[in-house]
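Notes follow once the structure below has been shown.
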There are 2 protein chains.
Amino acid sequence: MDAGSRLQNRTPRKRRKMQRVTMMDVAKLAQVSPSTVSLYLRKPAAVSPAAGQEIARAISTLGYVPNLVAGGLAAASSKVVSIIVPSIRNAFFAETVSTLQSELAAEGLQVILGHSEYGEDQEEALVRTALAWAPAAVVLTGLSHSPETRKLLRASGVPVVEMWEIGGEPIDMAVGFSHPQVGASAARHLLSKGRRRVAFLGARMQEDHRAAKRASGFAEEIGRTAGTASCAIINHPGAATVEAGSLLLNRAMQQVPNLDGIACSNDLVALGALFECQRQGIAVPDKIAVVGFGDLDFSASCIPSLTTIRPSGDLIGKEVARLILTGIDGGRPAGASRVIDTGHVLIERRST
Amino acid sequence: MDAGSRLQNRTPRKRRKMQRVTMMDVAKLAQVSPSTVSLYLRKPAAVSPAAGQEIARAISTLGYVPNLVAGGLAAASSKVVSIIVPSIRNAFFAETVSTLQSELAAEGLQVILGHSEYGEDQEEALVRTALAWAPAAVVLTGLSHSPETRKLLRASGVPVVEMWEIGGEPIDMAVGFSHPQVGASAARHLLSKGRRRVAFLGARMQEDHRAAKRASGFAEEIGRTAGTASCAIINHPGAATVEAGSLLLNRAMQQVPNLDGIACSNDLVALGALFECQRQGIAVPDKIAVVGFGDLDFSASCIPSLTTIRPSGDLIGKEVARLILTGIDGGRPAGASRVIDTGHVLIERRST
DNA sequence: GGAGTTCATCGTAGCGCTATGATACGAAAA
DNA sequence: TTTTCGTATCATAGCGCTACGATGAACTCC
């Protein structure tokens, strides 16, 4: 078949003609070109007030909603930030994501959420789909990722922020604090209260590397002063819950005779330990001092109120947002400012 | 200037040539056409095993990541579900979102998250941007929305699921339970325990309409048996926290002499009340019985363990996912199945 | 008055993919 | 042998928008 006949029987195939209102419709009604409408939408100051008003009127008359998918394709970068956290059920990450979402939304960026359930393979899959959106940035939790994940992200050229942990080599940028130092702070605090027979109660530490690092920071600091013999690290394979706290306390008491202080990887665990002490009539802090981590909602109000370490998930969210936004505005921060230490604060209350 | 010269000085403008690996590159390497690659990616069974293998090899060699933005534009519907909740810090919604995200991710759908902070205007803005993504579905919380929000969503033709509440006219589909009935259940339970001088402790009830409905359901049921005189509804303008629970309990005791039972709009509030009782030496449940709502992590473990109502945020998430997925597969459910009642369960523990 | 300089606006080529209908090629049926 | 049918593959027209460069008109400056 020759080109002629091929051309001949080419029929203009019709496509599901969306009756979506397009920018073209707005342009026609406002008597300007589509480019002007696009320009108005992106930088209103660049079009004349007269035209601007006309366009605004047309938009509201037609109920025009811009198609960000098309915009993203044309601009080769969508107004999307992909956030991957281990679990959104975790109050820490919920707080960070919440703050981050607010800050980014204020600049017209959407948040796409994924959770990895502490699995590196799952994280890798999430990163893969995340990149498929040509996102403005990708936010990951922690510094431990599969080599493939790092490769993918590096190759993509997309700004990457790793949050909730510093102290290693970030892929691109990092915002967080040092987990070993958190453990050490807890240890020093217990030591300062004269405790020498202590334990660290953690949950899911095979997968939650950050919790594991808090534990080893704790053990190291204790070892320096009191010797390792009197420091146990107890792990609960399941999630960090109040119930896990009860179980862990009992195991700790078995393992460390005359236990007089515990640090918990999470305030929920600490609360569980507190409840268990109450149930067994163990005086807190007289007999056992308790330090938590997270400064959750209830920590100031429980009985006794909980000494804990506040990591400021909120501040992390804000800093991540700042990093992303300055990154998008052009100059990506270089050098030292690529890693931000948000620190941690020990809040002393009645439980120690 | 005539058309000729216009044509003449048209230079092929170069555009920031992304060196992104495209489907075309894969096609070239695999010696097939781009359509075949696309087809393989969408329905692998439709291409021959030989071609499929060749394509798979090319994809992995090049590290090809499909561009979902382009795909979404071409297919006129992106693989995105937009979820809008009042607050992700709230454990209820965190649970639902988490479940929903997992279920949808399994089908290749992404979740875009927004939170409205209980503001209808903010919700409207979120819906507007959500629609700009041509999402596969939009998920909202509750049945109360601004008229403009309803109009936008109806006009868009996008499947809409409203969750966490039923008992009104949904925009499209709804999954949840009746909040007045939850209040009534709590009331009946307290009445069955012989309590007659009761209060409902709520937070943020101006904005949180669902909490307000639980309160009025509670008051109504109490009024039917014990008369309204002995039932107070106390509201805390701030968020539903443990601390609010303490404050609210004190106000309730002032307002209702010989208070002997409380229902709380949230387990955190109940926990605060429990702590306050402990602090003041008020016996629970002997003197005051406490019913919560939510069955949060700590509710089974606290002292005394908390009688509460479980709304199953998890189940809601699953059902919403099911509705969305069947909707996408073609036939949108009609009639009664557009509203799913996930019910609620009262879990009796030691606090009553 | 002519040459520059702004400034607002416009025309249109892609962005990378999917959907549509066409087509090539065997196998089965006539 | 011819016709029909099915299957695998292909070519290409958009999807709706943004970015690029062009075009005039209005000003400014010698």
Side-chain angles (χ1 to χ4, degrees), chain A residues 1 3 5-28 30-52 54-55 64-79 132-134, chain B residues 1-3 5-27 30-52 54-55 64-79 132-134:
Chain A
M1 181 181 277
S5 72
R6 169 118 95 261
L7 222 60
Q8 198 175 339
N9 57 19
R10 160 134 54 268
T11 56
R13 5 8 210 301
K14 52 172 173 290
R15 192 119 168 198
R16 69 243 152 312
K17 185 67 206 160
M18 286 298 282
Q19 27 235 46
R20 194 184 226 278
V21 180
T22 72
M23 192 176 271
M24 182 71 91
D25 300 322
V26 175
K28 268 189 196 130
Q31 317 242 49
V32 295
S33 79
S35 335
T36 308
V37 178
S38 170
L39 192 60
Y40 170 77
L41 253 22
R42 283 172 296 117
K43 328 182 176 168
V47 308
S48 68
E54 211 55 49
I55 293 170
Y64 171 66
V65 178
N67 185 335
L68 290 179
V69 179
L73 180 59
S77 108
S78 59
K79 292 229 163 297
W133 284 98
Chain B
M1 182 181 275
D2 66 7
S5 72
R6 169 117 97 260
L7 221 61
Q8 198 176 338
N9 57 18
R10 160 134 56 265
T11 57
R13 345 45 191 293
K14 53 171 173 291
R15 192 124 168 192
R16 68 249 149 317
K17 185 67 205 162
M18 286 298 283
Q19 30 233 46
R20 193 185 228 278
V21 179
T22 72
M23 191 175 270
M24 183 71 92
D25 300 323
V26 175
Q31 316 242 50
V32 295
S33 79
S35 333
T36 308
V37 178
S38 172
L39 192 60
Y40 170 76
L41 254 22
R42 284 172 297 116
K43 328 182 176 167
V47 309
S48 68
E54 210 56 48
I55 293 170
Y64 170 66
V65 178
N67 185 336
L68 289 179
V69 179
L73 180 60
S77 110
S78 60
K79 292 233 165 293
W133 284 97

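We name chains A, B, ... by the order of the sequence lines, and we start the count at 1 in each one. Here the structure is a predicted model, which is why all the values come from computation and not from measurement.
Atom CG of residue Asn67(A) and atom CE of residue Met23(A) lie 9.5 Å apart, to the nearest 0.5 angstrom. Atoms OH and CE, from Tyr64(A) and Met24(A) in turn, are 11.0 Å apart once rounded to the nearest 0.5 Å.
Side chains of Thr36(B) and Ser33(B): a donor-acceptor N/O pair is present below 3.5 angstrom, by distance only.
Put simply, Thr36(B) has a side-chain N or O that comes within less than 4.0 Å of OP1 or OP2 on dC10(D).
Between the P atom of dA19(C) and the CG atom of Leu41(B) lies a distance of 12 Å, rounded to the nearest Å. Summarising the geometry, the separation between CD1 on Ile55(B) and C1' on dT9(D) is reported as 10 Å, rounded to the nearest angstrom. A straight line from OH of Tyr40(A) to P of dT9(C) spans 12 Å, rounded to a whole angstrom. Nucleotide dT12(C) holds its P atom 17 Å from the CE atom of Met23(A), rounded to whole Å. Going from atom CG of Asn67(B) over to atom P of dC15(C) covers 12 Å, rounded to whole Å. Straight-line distance from the NZ atom of Lys43(B) to the C1' atom of dT9(D): 14 Å, rounded to whole Å. Separating the CD atom of Gln31(B) from the P atom of dA8(D) is a distance of 20 Å, rounded to the nearest angstrom. Atom-to-atom, CZ of Arg20(A) to P of dC15(D) comes out at 13 Å; the value is rounded to the nearest Å.
Residues Leu73(A) and Ala70(B) come closest through the heavy atom pair CD1-CB, 3.6 Å.
Listed nucleotides dG16(D), dT18(C), dA11(D) differ in distance to Arg42(B); the shortest reach to its side chain belongs to dT18(C). The Leu73(B) side chain lies nearest to dC15(D) when the options are dG14(C), dT9(C), dC15(D). For Thr22(A), the listed nucleotide lying nearest its side chain is dC17(D); candidates were dC15(C), dC17(D), dT9(D). Considering only side-chain atoms of Val32(B), the nucleotide from dT9(D), dC10(D), dA19(C) that sits closest is dC10(D). Listed nucleotides: dT18(D), dC15(D), dT9(D). Nearest to the side chain of Ser38(A): dT18(D). Looking at the side chain of Ser33(A), the nearest of the listed nucleotides dC15(C), dT18(C), dC10(C) is dC10(C). For Leu39(B), whose side chain is taken as the heavy atoms from C-beta onward, the closest listed nucleotide among dC17(C), dA8(C), dT9(D) is dT9(D).
The residue Tyr64(A) sits close only to the backbone: its heavy atoms come under 4.0 Å of sugar-phosphate atoms, none of a base.
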Stepwise side-chain contact (heavy atoms from CB on, under 4.5 Å) test for Glu54(A) and Val32(A):
CA-CA 9 Å; Glu54(A) 211 55 49; Val32(A) 295; 5.8 Å; no

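Residues Ser35(B) and Ala70(B) both approach DNA chain D. Their nearest nucleotides, taken by heavy-atom distance, put Ser35(B) toward the 5′ side.
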